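These notes are about the structure you will find just below.
Values in this document were obtained by computation on a predicted structure and should not be read as measured data. Residue numbering restarts at 1 for every chain, and letters A, B, ... go by the order of the sequence lines.
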Protein chains: 2
Amino acid sequence: MMKIGALSESLEDYLEIIYQLIQETKEARIKDIADRKNVSMSSVIPALRRLSKENLVNYKTRGIVTLTSQGQNLAARLLGRHEFVKYFLMSLLDVPEEIAERDACLFEHYMSPETFRKMVMFFEFVDTCGMNIRSHFEDYIANLDKQGDGEICPAPECPFKNDSFRRRQRWGMVKTLSSLSPGESGRVARVQADTAIRQRLIDMGVLPNVVITVERMAPLGDPIEIKLRGYHLSLRKEEADAIILYPST
Amino acid sequence: MMKIGALSESLEDYLEIIYQLIQETKEARIKDIADRKNVSMSSVIPALRRLSKENLVNYKTRGIVTLTSQGQNLAARLLGRHEFVKYFLMSLLDVPEEIAERDACLFEHYMSPETFRKMVMFFEFVDTCGMNIRSHFEDYIANLDKQGDGEICPAPECPFKNDSFRRRQRWGMVKTLSSLSPGESGRVARVQADTAIRQRLIDMGVLPNVVITVERMAPLGDPIEIKLRGYHLSLRKEEADAIILYPST
DNA sequence: TAGTCTAATTAGACGCGTCTAATTTTCGAG
DNA sequence: CTCGAAAATTAGACGCGTCTAATTAGACTA
Ligand SMILES: [Mn+2]
Ligand SMILES: [Mn+2]
Ligand SMILES: [Mn+2]
Ligand SMILES: [Mn+2]
């Protein structure tokens with residue numbers, strides 16, 4: 001059984017495409033392969049030769065392209081990963097379909113079998129644990145933009161609505177970045193802001209557990225200069241307000 | 001701000017390594033870069049030239065290697081992703097450190113910013129929702145090997161221990177693959193077995209939501225031949241028993 | 001059946017990212 | 001200051017995966 005990841009990303013994608021074409025149209029023509037992979041026909045030929053050398057496809061010049069049983073097996077497993085990862089991203093992480101599709105078609109090649117297995121297990125766990133994690137997370141996301149009222153999980157049926165443990169957990173980290181003085185530092189717990197600010201901060205590298213040090217602060221706290229992984233950044237007050245830190249230990 | 005993914009995986013890794021070396025030892029020597037990336041010194045030179053052309057490193061023949069502020073920025077963000085993804089895999093999915101490290105160093109290049117953001121949000125959600133998802137999942141995993149007693153979530157403090165909803169959910173899908181007759185099919189809900197069997201099945205492509213059709217069955221149900229994504233497989237009874245299906249609709 | 005269009009292939013090129021085998025430069029010990 | 005070792009660089013090669021342009025084979029049409 002040929003291992004996933006033993007071939008290049010490109011060859012694995014060729015294999016997947018050939019498999020799909022055969023399922024859909026009974027045969028895999030060079031032109032169709034080329035179209036689907038968005039390459040020229042002349043690029044397909046050497047790919048087929050390489051796959052043929054690995055005993056994954058049957059191909060001879062001007063012959064019909066088929067998969068060997070090894071190739072069939074590998075392609076089916078790749079497609080399984082592709083579809084599972086896509087579904088995982090969409091249904092659990094709420095990633096839009098188009099993006100989930102793109103990411104899944106990359107992850108399928110690079111994820112180790114161990115991580116993949118754990119992902120499958122987590123997915124099963126979410127489905128069977130009865131905690132309704134999916135819908136809680138959906139609500140969490142849906143309410144990010146209107147947050148600030150102190151409510152983390154606004155789902156009406158949430159059994160933790162009045163849970164003191166959760167409140168304690170929240171109260172433990174109410175410090176925001178803008179409440180620090182120059183020289184002080186903290187570890188990021190989360191970002192509490194609408195998607196625009198959140199997006200900007202995450203893209204700048206403000207991630208959970210990253211240590212941030214305040215360097216300088218303008219008179220009214222805007223802008224505020226910080227250091228993050230040894231790299232200097234300047235934040236607007238509105239952004240600094242959104243960053244919730246763990247209490248410094 | 002240079003986008004992650006605009007460079008090749010290789011160049012991004014070079015950048016990361018240079019950044020780390022400068023942080024650790026104040027300078028990035030060609031030999032050290034080569035050692036850390038496990039390539040020959042002569043491979044480093046053209047990489048530095050390409051990075052230099054992109055204005056990410058300052059490098060001239062026989063000169064000292066430094067990062068431009070653009071390069072510093074990109075490197076810091078890459079490293080942030082690397083570390084976050086690694087931590088996500090370890091702390092949420094329970095992936096062993098070594099493997100999480102490897103996977104993170106691949107995902108950092110390939111994951112779209114959208115998926116990454118959702119991952120960060122999910123992580124924050126898990127930490128703030130108060131549901132203790134991490135420890136429940138740990139228990140779920142820890143108990144896979146001893147499963148079969150009907151208990152899904154054996155955590156003593158689990159608030160869903162006696163939840164009728166969850167029981168109903170479980171009862172809705174008690175059909176196992178081996179209870180089907182030839183010609184019948186079902187959709188996989190999960191695999192309930194020890195890690196060895198589970199591992200084998202997942203690697204063969206038996207994943208949640210995949211449709212399986214029983215083709216043939218030996219007299220005592222061992223082996224059982226199935227079709228999965230158009231591909232034929234033969235399972236032992238012990239494996240077929242582990243596959244829990246959704247009730248056919 | 002000859003003509004025409006399209007699919008398939010070949011030829012030749014290119015950039016990336018690596019290598020090995022020289023060669024040159026640098027640097028520190030004596 | 002000299003010399004030898006280590007680091008850096010150059011030269012030349014290779015495989016992958018792509019391209020464009022030219023050619024060939026096939027298949028359908030009039
Ligand atoms: Mn792919
Ligand atoms: Mn794919
Ligand atoms: Mn990497
Ligand atoms: Mn990395």
Would E114(A) and R102(B) pass as an ion pair if we require N to O under 4.0 Å? no
Would you mind telling me which residue lines up with the more 5' stretch of DNA chain C, K53(B) or N38(B), judged by nearest nucleotide? K53(B)
Is a salt bridge present between R200(A) and E238(A), judged by a nitrogen-to-oxygen distance below 4.0 Å? yes
5'-most by nearest nucleotide on DNA chain D - P46(B) or Y14(A): P46(B)
Shortest non-hydrogen contact from L207(A) to V188(A)? O-CB, 3.3 Å
Quick check on the 6.0 Å ring-centre criterion: do F116(A) and F84(A) meet it? yes
Can you name the side chain to side chain contact (heavy atoms under 4.5 Å, CB included) partners of D35(A), sequence neighbours left out? K31(A)
Looking at every strand, decide which applies to S42(B) at a 4.0 Å heavy-atom threshold: base, sugar-phosphate, or nothing. base
Ring centres under 6.0 Å, that's the criterion: do Y110(B) and Y110(A) meet it? yes
What's S10(A) touching, base or sugar-phosphate or nothing? Going by heavy atoms closer than 4.0 Å. sugar-phosphate
Aromatic contact between Y231(B) and Y19(A), with the criterion being ring centroids under 6.0 Å apart: yes or no? no
Relative to each other, are the rings of F125(A) and F122(A) parallel, tilted or perpendicular (30° and 60° limits)? tilted
Strictly under 3.5 Å: I want the nitrogen or oxygen pairs between protein and nucleotides 5-8 of chain D, one per line.
from, atom 1, to, atom 2, distance (Å)
dA7(D), O3', R29(B), NH1, 3.3
dA8(D), OP1, R29(B), NH1, 2.4
dA8(D), OP2, K31(B), N, 2.9

Counted 5' to 3', the first and last nucleotides of DNA chain C within 4.0 Å (strictly under) of a heavy-atom of chain A are dA7(C) to dT10(C)
